[in-house]
Amino acid sequence: MNSRAFVPVLAFLIDGVLGDPPNRWHPVAWQGRLLAWAERWGPAGDGARFLYGAMVVAFGAGLSAGAAGGIRRLSWHLPMAIGVLMEAAALKLAIAAHGLDRAAAQVEASLRRGDLEEARRLLGWHLVSRPTDDLRAEEVAAAAVESVAENLTDGLIAPLCAWVAGGLPAVWAYRFVQTADSMWGYHDPAHEWLGKPAARLDDGLNWLPARLAAGLLLVAARFLGEDARGAWRARRSEAGRTASPNAGQTMATMAGALGVTLTKRGHYSLRGGEAPITPETLRRARRLVAVASALGVAFCVAWRLLVDRTRRSDCGGR
């Protein structure tokens, strides 16, 4: 049995125990600094900025993939246990499952204490980019529910899919595209055309992982006794209401599973039911994402074992 197939399990455990390193040591922060530096040199003109943005994304993704490939090759030349641990650590740095859950838990705790100001602050600091100063308690809880649902794709399932498809190089190329989209993917004069290549590429790379993540939430809802049928109905009818072709998949599924309506002012309303959104709703959402995350890791390992077995069979048949 290939021990490297269990790298995602070890990465998931490391993420839960150790969390993230300081920003100055985190590769995603390095990617962000490269993007910030490149933005300062961006040309004028829509077409030129589009091409420049595409070139920066291609260069940064290639650089990230090359560095990750070097780490993977080094891990292959080390004793098996050390090599697997090194690869797991490199994969862990690309996932953010437990950190996001801890951030959502802090918002939940503040809401339970009745400290709305602190809940708003934590929400805006850790989970969302929208203004939070005037959100009601129910809106704060709803925004946190949306964030944990959406980040199931970005923070875990998509990196795992990339790992299955192409190992660490694919993971870190994907992570650069995602970082570029998070920094440049805005509809403002400075970023409209600069960030468009990253935004479109990010949409394409997340298309399958978002739908897999929604499916995992459905299974988790059934396992935890939530409304799996409501989740299925909401995903089918509401997932297309968001501007992103992918974010609505998990958010609508979550809305249906919890029997609530998730609304972002002026943007969308995902109808899954009329139940009030409370701190308890956020706790249930976190449980759903935790179970879906564990299922996702198990699915990734099973898929890698199947691929490895198929390759060995093909080699043996020649």
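The structure presented is a predicted model; accordingly, all values stated were derived computationally and were not measured.
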- Measure the shortest side-chain to side-chain distance between V289 and D101 over non-hydrogen atoms and say whether it is less than 4.5 angstrom. no
- E108 side chain to L282 main-chain N or O, any donor-acceptor pair under 3.5 Å? no
- Task: Could you name each residue pair satisfying salt bridge (charged side-chain N to carboxylate O under 4.0 Å, His left out) that touches residues 238-254, not counting sequence neighbours?
- Result: E238-R241, E238-R271
- Query: Is there a donor in the side chain of T250 and an acceptor in the side chain of E150, or the other way round, less than 3.5 Å apart?
  - Reply: no
- Query: Which other residues end up in the same hydrophobic cluster as V57, if Ile, Leu, Val, Met, Phe, Trp and Tyr are linked when side-chain heavy atoms come under 4.5 Å apart?
  - Reply: Y174, V177, L201, L205
- Query: Centre of W37's six-membered ring, under 6.0 Å away, within 45 degrees of the axis: is that where NZ or CZ of R33 sits?
  - Reply: no
- Item | Contact summary for T253 and L218, nearest pair of heavy atoms | CG2-CG, 4.0 Å
- Task: Output yes when a side-chain donor or acceptor of T132 lies under 3.5 Å from a complementary backbone atom of R120, and no otherwise.
- Result: yes
- Message: Does the structure place the NZ or CZ of R24 under 6.0 Å from the centre of the six-membered ring of W30, at an angle of no more than 45° from the ring's axis?
- Response: no
- Query: Under 3.5 Å, is there a donor-acceptor pair linking the side chains of N23 and H26?
  - Reply: no
- Basic-acidic side-chain contact under 4.0 Å: E87, K92: no
- Query: Side chains of T278 and E138: do they bring a donor and an acceptor to under 3.5 Å?
  - Reply: no
- Give a yes or no on whether a salt bridge exists between E192 and R49, defined as a side-chain N under 4.0 angstrom from a carboxylate O. no
- Can you tell me how far CG of N151 sits from CG of L127, rounded to the nearest 0.5 angstrom? 7.5 Å
